[in-house]
2 protein chains.
Amino acid sequence: MIKPIQHRRCTLRDVAKAAEVSLSTASNALNGVGRVNVETRERVLRIARGIGFRPNALARSLLSRRSLTIGIITDDTYGRLTLPISSGVSEVLVDHGVSAFLCATSGDRRLAELHLQALLDKQVDGIIFTATRLDVEPPIDLTVLNVPVIYAFAAGPFLSTSFVPDDAHGAMLAIAHLQEAGCRDILHITGPESWLAARNRAEVYRNRCGPSSPVMFGAWSEEWGHEAIGRVLSARKKLPDGIFCGSDEIARGVLDGLRDHSISVPADVSVIGFDNWEVVSRQTRPPLTTIDMELKEIGHRAGLAMLQLTRGEPVEKGVIRLPCSLVRRESVVSRASVDTSPVP
Amino acid sequence: MIKPIQHRRCTLRDVAKAAEVSLSTASNALNGVGRVNVETRERVLRIARGIGFRPNALARSLLSRRSLTIGIITDDTYGRLTLPISSGVSEVLVDHGVSAFLCATSGDRRLAELHLQALLDKQVDGIIFTATRLDVEPPIDLTVLNVPVIYAFAAGPFLSTSFVPDDAHGAMLAIAHLQEAGCRDILHITGPESWLAARNRAEVYRNRCGPSSPVMFGAWSEEWGHEAIGRVLSARKKLPDGIFCGSDEIARGVLDGLRDHSISVPADVSVIGFDNWEVVSRQTRPPLTTIDMELKEIGHRAGLAMLQLTRGEPVEKGVIRLPCSLVRRESVVSRASVDTSPVP
DNA sequence: TTGAAAGCGCTAACAG
DNA sequence: CTGTTAGCGCTTTCAA
């Protein structure tokens with residue numbers, strides 16, 4: 001039998017007519033509610049499947065007041081964070097039939113407002129706001145909405161719930177890994193001091209490596225990593241044996257600078273990055289050992305929390321810091337094995 | 001007057017009641033249709049604004065059969081292409097009140113089907129499919145839907161419309177730029193020959209530089225660029241004066257390899273990349289002159305085309321190749337100025 | 001066990 | 001110029 005092109009999706013009415021039952025019976029049968037004769041139900045089901053019936057979600061939502069739809073508003077122009085996070089979100093939501101609108105605001109307030117209005121008009125069940133750092137305010141006020149809001153990689157206001165990477169944990173992981181590899185003189189080269197993430201990580205660094213340990217704040221760029229190495233080399237008599245970088249890009253600059261001076265990584269000095277941005281960290285020479293912020297997991301948690309909220313269940317409030325993970329590549333090696341390796 | 005927290009959004013009925021008119025008058029007034037007394041209209045408008053009335057898009061859509069909603073299905077796990085494209089799409093759509101669902105399939109067929117079903121149930125007005133290359137089939141069949149489909153950075157089936165970067169134009173731009181800079185001996189280092197994009201660009205290269213010009217196919221990685229330079233240096237007596245790379249990552253490896261051999265870029269050889277992936281191309285030493293694929297523009301065009309289709313207007317069919325652009329940084333310089341520069 | 005009827009929030013005919 | 005009525009596609013009482 002040839003399936004005709006359907007210019008109008010078939011409706012419950014079509015099913016009911018074909019099955020020779022009323023609308024409500026068809027509805028009950030399909031949703032498995034109420035008391036429907038087994039045979040009737042089977043027949044309705046079979047026919048519905050046969051004509052490819054799918055209920056109109058719009059009509060359902062209008063009645064149920066749940067649109068099975070959420071909005072993700074992002075500040076991130078670049079996509080580095082947004083795509084992993086939002087695909088994490090929809091991964092956990094799609095099985096519950098909920099879809100996510102993605103709204104990129106590029107930091108433009110007008111655009112953000114436009115998007116927000118459109119989302120609200122479309123009766124989204126909730127909104128997830130995503131940014132690229134924790135210490136800037138969202139461009140729009142989301143505190144007065146009558147839908148739940150979750151913040152991901154962004155710090156929400158009082159009594160909201162935010163999922164963010166645990167920078168301190170990440171820093172700890174990085175430093176502990178260097179120390180376990182035998183590093184005793186660790187240097188920290190990182191981004192601007194104005195960034196909370198940079199300060200948080202630096203604090204952990206100072207706690208573990210001594211309060212006078214040198215933190216080099218700069219830019220989040222490769223160039224800065226390169227330049228920092230130049231400075232270190234001209235200022236210090238002794239090379240550090242480990243360098244903890246605030247980002248993979250900085251680490252790449254560091255690696256580059258070191259190579260320019262014929263200093264070998266990891267033989268002479270171990271280097272660890274932060275971000276696990278694979279386009280960077282997998283392509284360095286040597287491939288970079290680094291800290292992964294588990295962005296997808298942040299998305300998962302945000303999505304799950306949203307699901308609970310839309311069901312009216314309570315959700316933990318406050319800033320929830322999710323653990324980072326260490327990804328071992330080749331830029332860190334045990335000092336011991338370097339020092340004691342016999343020269344053939 | 002204190003605005004109470006609205007636990008239920010107010011409806012047209014509320015407005016009508018407050019303005020002491022009927023539902024339809026209120027509707028007409030708000031939509032500026034039919035003949036409504038100026039004073040009445042003003043009053044309705046004022047009251048609507050006062051109580052913050054916004055029409056329920058779900059109810060509207062149910063009636064109008066247009067949901068002002070589209071779906072973007074993407075194959076891209078990484079986000080390199082998807083975010084620029086999809087933000088391009090929603091940039092042109094948001095002003096028309098349409099929002100976009102983003103569905104990341106990670107190439108998983110089941111996931112793709114799930115997402116597609118959810119989109120269709122939600123009555124999207126259309127679907128944009130995005131991938132990362134032009135020569136692979138979408139994981140799902142989109143040809144039998146009863147909503148319009150547009151392909152972006154993906155080649156659709158017969159009689160569909162696709163927007164893709166014009167690889168040949170990009171290659172032409174790159175080579176012309178090198179030639180204008182005086183390069184006479186240009187080498188092409190690119191990705192796997194199995195990729196259509198690589199073959200297309202190589203063809204342009206051969207056309208412009210002579211059919212025997214050497215194309216080095218390899219991987220889309222930095223490592224390959226590096227390795228290729230090693231091979232070139234050990235095989236050839238004379239260095240090329242220009243290198244056209246198939247991607248920024250390859251170019252970065254090339255730059256790196258060249259530096260290892262103390263060959264200066266651009267003084268000794270000019271290098272040009274492809275992609276303008278800024279995390280790579282802005283951070284190389286020297287910053288990379290490269291070809292931008294204008295992803296956002298692809299998104300714009302796809303969004304616009306979708307808008308037309310949803311209005312029932314016709315749209316050009318076939319694969320529409322959008323021009324690339326040259327972004328000049330510092331890895332290409334005129335041979336003339338290099339050769340003839342006076343030594344002080 | 002089934003069906004008729006009301007209604008989610010809105011728009012569009014058609015009378016008045 | 002304004003109001004009444006019907007209905008988008010579905011769920012849900014409440015009678016039969």
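Values in this document were obtained by computation on a predicted structure and should not be read as measured data. So you know, we letter chains A, B, ... as the sequences are listed, proteins then strands, and number each from 1.
Between B:Thr11 and C:dG9 there is no side-chain N or O to OP1 or OP2 distance below 4.0 Å. Listed pair B:Thr25 / D:dT2 fails the phosphate criterion, with no side-chain N or O lying under 4.0 Å from OP1 or OP2. Between A:Ser27 and D:dC10 there is no side-chain N or O to OP1 or OP2 distance below 4.0 Å. Applying the 4.0 Å criterion to OP1 and OP2 of C:dT11, one finds that B:Arg60 has a side-chain N or O inside that range. Contact check, A:Arg65 against C:dG9: a side-chain N or O comes under 4.0 Å of OP1 or OP2.
Projected onto DNA chain D by closest heavy-atom contact, A:Ala57 and B:Leu23 fall at different nucleotides, the more 5' of which corresponds to B:Leu23.
Separating the CG atom of B:Leu62 from the P atom of D:dT11 is a distance of 12 Å, rounded to the nearest angstrom. Between A:Asn56 atom CG and D:dG7 atom P there is a gap of 18 Å when expressed in whole angstrom units. One can place CG of B:Asp14 at 9 Å from P of C:dC10, the figure rounded to the nearest angstrom. To the nearest angstrom, P of D:dG9 lies 19 Å from CG of A:Leu68. In this structure, the CD atom of B:Glu42 is 14 Å from the P atom of D:dC1, given to the nearest Å. The CZ-C1' distance, from A:Arg54 to D:dC10, rounds to 15 Å in whole Å. As a whole-Å value, the separation of A:Asn28 CG from D:dG9 P is 20 Å. Spacing between atom CG of B:Leu12 and atom P of C:dG7 amounts to 17 Å, rounded to whole angstrom units.
For A:Thr82 and A:Thr130, the side-chain atoms include no donor-acceptor pair closer than 3.5 Å. Between the side chains of B:Arg66 and B:Ser61, no donor-acceptor pair of N or O atoms lies under 3.5 Å. Looking only at atom types and distance, the side chain of A:Thr74 has no donor-acceptor partner in the side chain of A:Asp76 under 3.5 Å away.
Among the nucleotides C:dC10, C:dA5, D:dG3, the one closest to the side chain of B:Leu63 is C:dC10. Between D:dT4, C:dG3, D:dC8, one nucleotide has an atom nearer to the side chain of A:Arg13 than all others, and that is D:dC8. Side-chain proximity of B:Asn31 to D:dG3, C:dA5, C:dT11: nearest is C:dT11.
Screening residues 86-102 of chain A for salt bridge (charged side-chain N to carboxylate O under 4.0 Å, His left out), with sequence neighbours left out, gives A:Glu91-A:Lys296, A:Asp95-B:Arg110.
Counting atom types as modelled, B:Ser24 pairs a side-chain N or O with a base atom of D:dT4 as donor and acceptor under 3.5 Å.
Within the nucleic acid shown, B:Thr40 comes within 4.0 Å of sugar-phosphate atoms alone, with no base atom in reach, counting heavy atoms only. Among the atoms of the strands shown, only primed sugar atoms or phosphate atoms (P, OP1, OP2) are found under 4.0 Å from some heavy atom of A:Val21.
Contacts of A:Phe53 classified as ring pair (Phe, Tyr, Trp, His ring centres under 6.0 Å), with partners at least two apart in sequence or in another chain: none.
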